[in-house]
Structures are given as C-alpha cells and as structure tokens.
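Okay, structure first, notes after.
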Amino acid sequence: MDHSFDKSYWDEHWQGDRAGAPAAMAAGPPNPHLIREVTDLTPGTALDAGCGAGAEAIWLASRGWQVTGADIAAEALARAAERAATAGVADRVQWVEADLSSWAPGAAYDLVTTHYAHPAMPQLDFYDRIAAWVAPGGTLLIVGHLHDDDHHHENDHGHRHGADAAEPPASASVRAADIAGRLDPAAWEVATAEESHRDRSTHGGGVPLHDVVVRATRRP
Ligand SMILES: C[S@@+](CC[C@H](N)C(=O)[O-])C[C@H]1O[C@@H](n2cnc3c(N)ncnc32)[C@H](O)[C@@H]1O
C-alpha cells in the first residue's frame with residue numbers, strides 16, 4: 001500500500017481517479033445487513049458514518065429516521081444529496097462533510113451505523129470513536145470488511161486484483177470478536193457479532209464480499 005486513506009485519497013476515489021471505481025457504490029442498493037438489523041428498531045435520530053453516496057442514509061430516512069450522513073468526500077455527498085432528492089427524503093437527511101477522525105457531533109444519536117468506512121486512523125479506534133456517539137438505549141451497527149488472505153493479494157494501491165478489485169486493503173479488516181471485545185459489557189449489550197460471505201452484483205458480475213457485522217445496544 002503506497003498511500004494513506006486520507007481525504008485526498010477519498011476525494012480522488014469519488015472523483016473516479018482511483019482503482020476500484022465508485023460506480024457500484026454510488027448506485028448500489030442499501031446494505032442488506034442494515035435492513036436486517038435495523039428494520040425492527042423504532043426510528044429516531046441516526047448517523048451514517050462514512051455514508052458515501054448515501055444508499056443507507058436514504059433507506060433509513062425512508063423508514064422514518066432523521067438522518068445525518070457524514071463523509072469526508074464532498075463528491076460522495078453531492079451524489080448522496082441528489083439521490084435523496086430523487087427519493088423524496090431530502091428533508092429527513094442532513095449531509096455533513098467531515099473527517100470523522102476529528103469531527104464530533106453536538107448530540108448523541110439513537111443509531112450510529114457505518115458500512116465499510118475505513119479512514120486513515122486504525123479501524124478499531126475508529127469504531128471506538130463512533131460508539132461514543134450512541135445515546136443511552138441507542139444502537140451501534142458496524143458493518144465492516146473481513147479479508148481472507150489465503151485467497152487474495154494486494155496491488156500497489158492496497159486494493160485487490162481481478163474480479164474483486166473494489167475490495168479494500170487488509171488494514172480495513174477486522175474480526176467480529178475484536179469489535180465486540182472493545183464494547184464494555186457493563187455499558188453494552190451485544191445482539192449480533194457475526195462474519196458472513198455474500199456476492200454483490202456489479203455490471204461485470206458478482207463481487208464476493210466478506211462481511212463483519214456487529215450490533216450492540218448501549219445500556220440506558
Ligand atoms: C468504502 S466507502 C463506503 C461508502 C458507503 N458507506 C457504502 O457502504 O457504500 C468508505 C467511505 O468512508 C469515507 N471516509 C473515509 N475516511 C473518512 C473519514 N475520516 N471521515 C469521514 N468519512 C470517511 C469515504 O469517503 C467513503 O465514502
């Protein structure tokens with residue numbers, strides 16, 4: 001890997017200058033793990049940390065959540081705002097351009113979620129940081145990447161060759177047990193801590209995704 005996952009990396013990524021073009025992310029459906037884990041929750045306020053082009057934030061808004069979608073890349077947020085307007089939920093989503101390794105919200109949320117965000121800071125520290133923004137009684141939902149290093153190798157950009165070229169580097173990979181293990185049992189009840197495989201369809205076929213999902217509730 002010859003770069004950091006800093007603002008300039010993500011700006012270039014969303015402007016289409018990097019390997020792993022963002023087209024699939026920009027047009028994709030909401031994450032199935034979000035739909036499964038959140039459907040039964042009572043809507044309130046939500047933060048999608050590293051929201052990209054907004055599919056998950058827009059889905060939450062359409063379910064009645066009042067959503068903040070935060071991302072470091074202005075181009076991603078421009079696409080997200082356009083999609084929210086088309087979906088008729090623009091009044092339920094606020095888009096915030098921010099570096100989440102330094103930005104902090106003014107109030108806690110009923111739901112803090114993140115899907116595949118991998119910032120320049122260490123991945124588990126990032127999850128600790130966003131977990132602190134969950135209100136008492138609220139939910140933390142982390143959807144991350146898991147790498148099977150027996151079957152992949154990195155190219156010069158830290159991304160994968162071949163059909164799964166959009167996959168990020170191993171530094172973004174975490175285990176469900178490692179995330180859950182950072183959540184103090186006195187303060188959190190872990191409802192889901194699992195690892196699974198699925199295919200995301202793209203114009204070129206199916207892309208294998210190895211996911212980590214952790215959902216936890218902050219004790220009131
Ligand atoms: C792999 S993309 C995932 C986007 C979206 N959540 C999805 O699932 O399609 C990672 C996202 O995290 C954002 N990101 C990376 N570092 C960030 C940071 N420090 N602060 C805010 N957003 C960040 C990127 O701009 C990018 O949109």
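Counting starts at 1 for both ligands and their atoms, in listed order.
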- May I ask whether F126 places a heavy atom under 4.0 Å from ligand 1?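 F126 does not count as a contact of ligand 1 under the 4.0 Å cut-off.
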- Look at ligand 1 and say whether A98 reaches it with a heavy atom at a distance under 4.0 Å.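 Yes, A98 has heavy atoms under 4.0 Å from ligand 1.
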- Message: Before you tell me yes or no, could you show the steps for D110 and W65 under side chain to side chain contact (heavy atoms under 4.5 Å, CB included), namely the whole-Å CA-CA distance, both residues' side-chain angles and the distance that decides it to 0.1 Å?
- Response: CA-CA 9 Å; D110 300 313; W65 293 81; 4.1 Å; yes
- Query: Does CD in E194 sit with more than 12 non-hydrogen atoms of other residues, nucleotides or ligands closer than 6.0 Å?
  - Reply: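 Yes, because the 6.0 Å sphere around CD of E194 holds more than 12 heavy atoms from other groups.
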- Message: For the CZ atom on R182, are there more than 12 heavy atoms of other groups (residues, nucleotides or ligands in this structure) within a distance under 6.0 Å?
- Response: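 For R182, atom CZ is crowded (more than 12 foreign heavy atoms under 6.0 Å).
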Measure from the side-chain N and O atoms of [X] to the backbone N and O of [Y], and report whether any donor-acceptor pair falls under 3.5 Å.
| X | Y | answer |
| --- | --- | --- |
| R92 | L60 | no |
| R79 | W14 | yes |
| T39 | R36 | no |
| D71 | C51 | yes |

- Query: Given H13, H115, R129, E97, which one has a non-hydrogen atom that is nearest to atom 3 (C) of ligand 1?
  - Reply: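 When every heavy atom of H13, H115, R129, E97 is considered, H115 comes closest to atom 3 (C) of ligand 1.
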- Query: Between the candidates D71, T114, L100, L34, which shows the shortest non-hydrogen contact distance to atom 11 (C) of ligand 1?
  - Reply: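 Minimum heavy-atom distance to atom 11 (C) of ligand 1 goes to D71.
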N/O of [X] under 3.5 Å from N/O of ligand 1, yes or no?
| X | answer |
| --- | --- |
| I72 | yes |
| W14 | yes |
| G50 | yes |

Looking at [X], which atoms of ligand 1 are within less than 4.0 Å of one of its heavy atoms?
| X | value |
| --- | --- |
| A117 | 10 (C), 12 (O) |
| Y116 | 1 (C), 8 (O), 10 (C) |
| C51 | 5 (C), 6 (N) |
| D99 | 18 (C), 19 (N), 20 (N) |

- Tell me which part of A49 gets within contact of ligand 1: side chain, backbone, both or neither, using heavy atoms under 4.0 Å.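 For A49, there is no contact with ligand 1 at all, from either part.
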- Task: Check the angle between the aromatic planes of H13 and Y9 and answer parallel, tilted or perpendicular using the 30° and 60° thresholds.
- Result: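 Parallel: the ring planes of H13 and Y9 meet at under 30°.
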